Asks: 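I'd like to ask you about the structure that follows.
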Amino acid sequence: MAAKLRMLDLESDVHEAISSWLLHKAAIPEDWKSEMLQINPMSYDEAQALGGEGCFELMCEARKTMLRLKPLFEALGSLSAAVQIELRHAQETYNAVGKMRGLVILPGELLAHVLDFAVNWDQTLPTPLRTRAAVKFSHVSRHFRDTAVSCARLWTNACANSSLMAMCLSRNKHIPLNVRLVTRVKREHDSEASVLVFDQTFRDLVLLSNRWGSLEIEIEHSEMKGSHVGDLKPCPSFCGLDVPSLHSFHILLFSSCITIESDLFHGLLNGFHAPNLRHLTSKHFFARGLRVKNLKTFDVTLNLDDVDFASAVCILGQMATLEDFHLTLTGNHYYKQSRNQSPSPFQMTCLPSVRRLQIDLSMPGYDYPDLKTLMLVLLSSLSFPGITDFRLGLSGPPIQGDVKEVSRDWEMMLLFQHSDMFSHVERFHLEVVDTYANRQSQGFYSVIIPFGLLPNMKELSIYCNTRLIPRNDFADNTTSPILQKLIIQTTKEGLQALEPFVKGVLRKQEEGGRWGSSHGELVIINASPRLSYKMDAKRYATRTFVGDAALQLHTDSVLEIPTYDKSEEDDIPRLFWVT
């Protein structure tokens, strides 16, 4: 009976307390105040003045108040915790159902576009991964399955997996296929000769060559994946193969295969007929015999020690419609002078249609005169008078030991041999990378940036993962370009080295009256990425200064590298996304 009375009293107290809070924002109802002792902190002298009996009476009143408030506090606390749990569940349900509702009411045509983007947004991903992604989407629900199966573009990624390939062929409605083939170099038994072996699905795919839209061939040593050698059979070459729908071709030759006679790979493509080829990527291999006059993009990686550059330059001269050209030159730690690459000038080749040019030089060093001569002759024979976007990447030689400065002026001027070739460049991106940047070293790279040869440059972007000290060629009689944006992506130590250069550029823009108010933009990016836990994407802390705010930096400010707030999780403002 007593417990029941206490429960009724508690229920009444909870009701009154909640009503008082809702109506008056008062935790203690007004009717209670006459019955409850309002206790305030007191000093020792005040307690002594009350005496022992007064203190005892005060303790009794305080205990009575405490016994009434404690059950109320515990009840409301438990209620608050329970309501919080229910609230969280309701929020999760709301978010989940809200997202699903968006997909439920999404028309099938739009859902097909969403699935197509989710599967095929990154064409560099292996085709088996893209096909498996399409399969997973088709298992989400009946609506997803019906939409996915009817979306032919999801099933264009044919590969060596026979079951996946059969499913793709049954669903792609004769849309051009994305084909991936793996061919490996295998030494014949009791012989020094080598042969190429293919996946077993090669023969089936050859029968569908008139439907190939893009083709990727990976060439590697069989020893690299020895467990799969039994699945490979010697097959004929592509000799005479007709691929009228092929628009994109990727040839990936692993570096460990470079020492094999290159004629083995050229024979693979002998008579290969691709009249509509528009995009070609070639790694460690320069394909001869392909029809290249209609190419729009060409991405090629070449080792200076393994290519006949005289014939390569002649083939480049046939690319009359080329718009995007990416050339990567790599070098071994030694240079085979025995190949005797001709130091005489190659045929002068002009590619006026190229608008976007990217050249990456990845060299361990330039200690061999023949190598330097070859690079000089090669790049002097190429001219791109119409480029508007120029990207230059310099990697190696590393800063070693007690070396204080490593100059990159030779490579820079190597690219700027033709003084009139860069008059139309509007965007120039310079990337200087030390592959051993994590080692402790106080040295730095230095490089000259020929502003005088870039009169129409509007955007300058510099990336470096180490200390870089650029020098400009500003002179009293030199008109500097009118920059609209300067982008610096580096580390904390790198920004300290770049600061004098950055402030010099800002000062030059201010003197010319080009920046001010809302004109001109300086972007500083921390080169150390942060990986989002919600998506596999690199995010970079960024700060942007516009107009007067940027100009003020060169007078009374020290440039600081932007960082993330440690308390931030995923919703980080002002991010720079890299593709």
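Heavy atoms only: backbone and side chains are in, while hydrogens, waters and symmetry mates are out. It should be emphasised that the depicted structure is a prediction, and the values quoted were computed from it without experimental measurement.
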Asks: Taking the side chain as C-beta and beyond, is there a heavy-atom pair between D116 and V114 under 4.5 Å?
Replies: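 No, every pair of side-chain atoms sits at 4.5 Å or beyond.
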Asks: Do any side-chain atoms of residues 348-359 form donor-acceptor pairs under 3.5 angstrom with protein atoms, and if so which ones, sequence neighbours left out?
Replies:
residue, atom, partner, partner atom, Å
T349, OG1, V313, O, 3.4
T349, OG1, Q347, O, 3.3
S353, OG, A320, O, 3.0
S353, OG, L322, N, 3.2
S353, OG, L322, O, 2.6
R355, NH1, P352, O, 2.7
R355, NH1, S353, O, 3.4
R355, NH1, G386, O, 3.4
R356, NE, D324, OD1, 3.3
R356, NE, D324, OD2, 2.5
R356, NH2, D324, OD1, 3.1
Q358, NE2, H326, NE2, 3.4
Q358, NE2, D360, OD2, 3.2

Asks: Tell me the closest heavy-atom pair linking L154 and A134, and the distance in Å.
Replies: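 Shortest heavy-atom contact: O-CB, 3.7 Å.
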Asks: Out of V433, D434, V406, T490, which residue meets the side-chain contact (heavy atoms from CB on, under 4.5 Å) rule with T466?
Replies: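 Of all the options given, the one that passes is D434.
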Asks: Under 3.5 Å, side chain of S446 to main-chain N/O of F444, donor-acceptor pair present?
Replies: no
Asks: Does the distance from a Lys or Arg side-chain N to an Asp or Glu carboxylate O, for R507 and E511, drop under 4.0 Å?
Replies: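 Not counted as a salt bridge, because no side-chain N and carboxylate O are separated by less than 4.0 Å.
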Asks: For A550 and L506, which heavy atoms make the closest approach, and how far apart are they?
Replies: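 In terms of heavy atoms, the two residues are closest at O-CD1, 3.4 Å.
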Asks: Set out, in order, the CA-CA distance, both residues' side-chain angles and the distance that settles side chain to side chain contact (heavy atoms under 4.5 Å, CB included) for R543 and V523, then state yes or no.
Replies: CA-CA 6 Å; R543 290 192 67 186; V523 181; over 6 Å; no
Asks: Say you draw a straight line from OG1 of T491 to CD1 of I525; how long is it, rounded to the nearest 0.5 Å?
Replies: 13.5 Å
Asks: For the residue pair L559 and E499, what are the closest heavy atoms and their distance?
Replies: N-OE2, 3.5 Å
Asks: Minimum heavy-atom separation for S209 to P244, with atom names?
Replies: O-CD, 4.4 Å
Asks: Any chance you could measure N303, atom CG, to T330, atom OG1, to the nearest 0.5 Å?
Replies: 4.0 Å
Asks: Would N178 and S214 count as a side-chain hydrogen bond (donor to acceptor under 3.5 Å, both in side chains) here? Give the steps.
Replies: CA-CA 5 Å; N178 301 321; S214 69; 2.7 Å; yes
Asks: Could you walk me through whether I524 and L495 pass side chain to side chain contact (heavy atoms under 4.5 Å, CB included), step by step?
Replies: CA-CA 9 Å; I524 300 177; L495 186 61; 4.2 Å; yes
Asks: Would you call I449 and L430 a side-chain contact if the rule is heavy atoms closer than 4.5 Å?
Replies: yes
Asks: Between K283 and D299, does any side-chain N to carboxylate O distance fall below 4.0 Å?
Replies: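 A salt bridge is absent here (no side-chain N lies under 4.0 Å from a carboxylate O).
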Asks: Under the side chain to side chain contact (heavy atoms under 4.5 Å, CB included) rule, what do F272 and L246 come out as? Steps first, then yes or no, please.
Replies: CA-CA 11 Å; F272 191 77; L246 189 70; 3.9 Å; yes
Asks: Please check: side-chain N/O of Q509 versus main-chain N/O of P481, any donor-acceptor pairing under 3.5 Å?
Replies: yes
Asks: Side chain of N276, backbone of S245: donor and acceptor closer than 3.5 Å?
Replies: no
Asks: Any side-chain heavy atom of E510 within less than 4.5 Å of one from L551?
Replies: yes
Asks: Within this structure, what is the CD1-OG1 distance for the pair I561 and T542, rounded to the nearest 0.5 Å?
Replies: 9.5 Å
Asks: Within the structure provided, determine whether V243 and N210 are in side-chain contact (heavy-atom separation under 4.5 Å).
Replies: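 Contact flag for V243/N210 side chains = no.
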Asks: What are the two closest heavy atoms between F428 and M412, and how far apart are they?
Replies: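 Smallest interatomic distance, heavy atoms only, reads CZ-CE, 4.3 Å.
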Asks: Please round to the nearest 0.5 Å and tell me the distance separating atom OG1 of T156 and atom CZ of R211.
Replies: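 Answer rounded to 0.5 Å: 10.5 Å.
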Asks: Please lay out, stage by stage, how T297 and H279 fare under the test side-chain hydrogen bond (donor to acceptor under 3.5 Å, both in side chains).
Replies: CA-CA 5 Å; T297 64; H279 312 283; 2.8 Å; yes
Asks: Would you say that V300 contacts T328 through its side chain, given a criterion of any heavy-atom pair below 4.5 Å between the two side chains?
Replies: no
Asks: Taking S407 for its side chain and Y445 for its backbone only, find out whether a donor-acceptor pair lies under 3.5 Å.
Replies: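 Judged by distance alone, no pair lies under 3.5 Å.
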Asks: Are Y463 and I487 packed together at the side-chain level, in the sense that at least one heavy-atom pair is separated by less than 4.5 angstrom?
Replies: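 No. Closest side-chain heavy atoms not under 4.5 Å.
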Asks: Check whether any side-chain heavy atom of R291 sits under 4.5 Å from a side-chain heavy atom of L277, and report yes or no.
Replies: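 Counting from C-beta outward, R291 and L277 never come under 4.5 Å.
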Asks: Just by modelled atom types, is the G213 backbone N or O under 3.5 Å from a matching donor or acceptor in the H247 side chain?
Replies: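 Checking the backbone N and O of G213 against the side chain of H247, a donor-acceptor pair under 3.5 Å is found.
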Asks: Would you say that more than 12 heavy atoms from the other residues, nucleotides or ligands in this model lie under 6.0 Å from the CD of E560, or not?
Replies: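 It does not: E560 CD has 12 such atoms or fewer within range.
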Asks: Mind checking ring pair (Phe, Tyr, Trp, His ring centres under 6.0 Å) for F325 and listing every partner two or more places apart, or none if nothing turns up?
Replies: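 For F325, the residues satisfying ring pair (Phe, Tyr, Trp, His ring centres under 6.0 Å) (neighbours in sequence not counted) are F298, F384.
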Asks: For H250 and S248, what are the C-alpha separation, side-chain angles and deciding distance, and is it a side-chain hydrogen bond (donor to acceptor under 3.5 Å, both in side chains)?
Replies: CA-CA 7 Å; H250 301 266; S248 180; 3.1 Å; yes
Asks: Can you give the donor-acceptor pairs under 3.5 Å from side chains of residues 453-462 to other protein atoms, not counting sequence neighbours?
Replies:
residue, atom, partner, partner atom, Å
N456, ND2, S423, O, 2.5
S461, OG, H429, ND1, 2.9

Asks: Please check: side-chain N/O of Q552 versus main-chain N/O of A549, any donor-acceptor pairing under 3.5 Å?
Replies: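 It does not hold such a pair.
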Asks: Which atom pair, heavy atoms only, marks the closest approach of L468 to V447?
Replies: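 What the structure gives for the nearest pair is CD1-CG1, 3.8 Å.
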Asks: Tell me if the CZ atom of R153 is crowded by more than 12 foreign heavy atoms within 6.0 Å.
Replies: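 No, not enclosed.
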Asks: If you round to the nearest 0.5 Å, how far is CG of L392 from CZ of F416?
Replies: 7.0 Å
Asks: Anything under 30° is parallel, anything over 60° is perpendicular, the rest tilted; go ahead and classify F451 against F501.
Replies: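 If you compare the ring of F451 with that of F501, the planes turn out tilted.
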Asks: Would you call R180 and E218 a salt bridge, taking side-chain N to carboxylate O under 4.0 Å as the test?
Replies: yes
Asks: Test V432 against N465 for side chain to side chain contact (heavy atoms under 4.5 Å, CB included), laying out the working first.
Replies: CA-CA 7 Å; V432 180; N465 65 342; over 6 Å; no
Asks: Looking at side-chain heavy atoms only, is the closest gap between R130 and N120 below 4.5 Å?
Replies: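 R130 reaches N120 side chain to side chain.
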Asks: Let me confirm one number: the CG-NE2 distance from D548 to H519, rounded to the nearest 0.5 Å.
Replies: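 Separation between the atoms: 10.0 Å.
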Asks: Checking the side chain of W515 only, and the main-chain atoms of L483 only, is there a donor and an acceptor separated by less than 3.5 Å?
Replies: yes
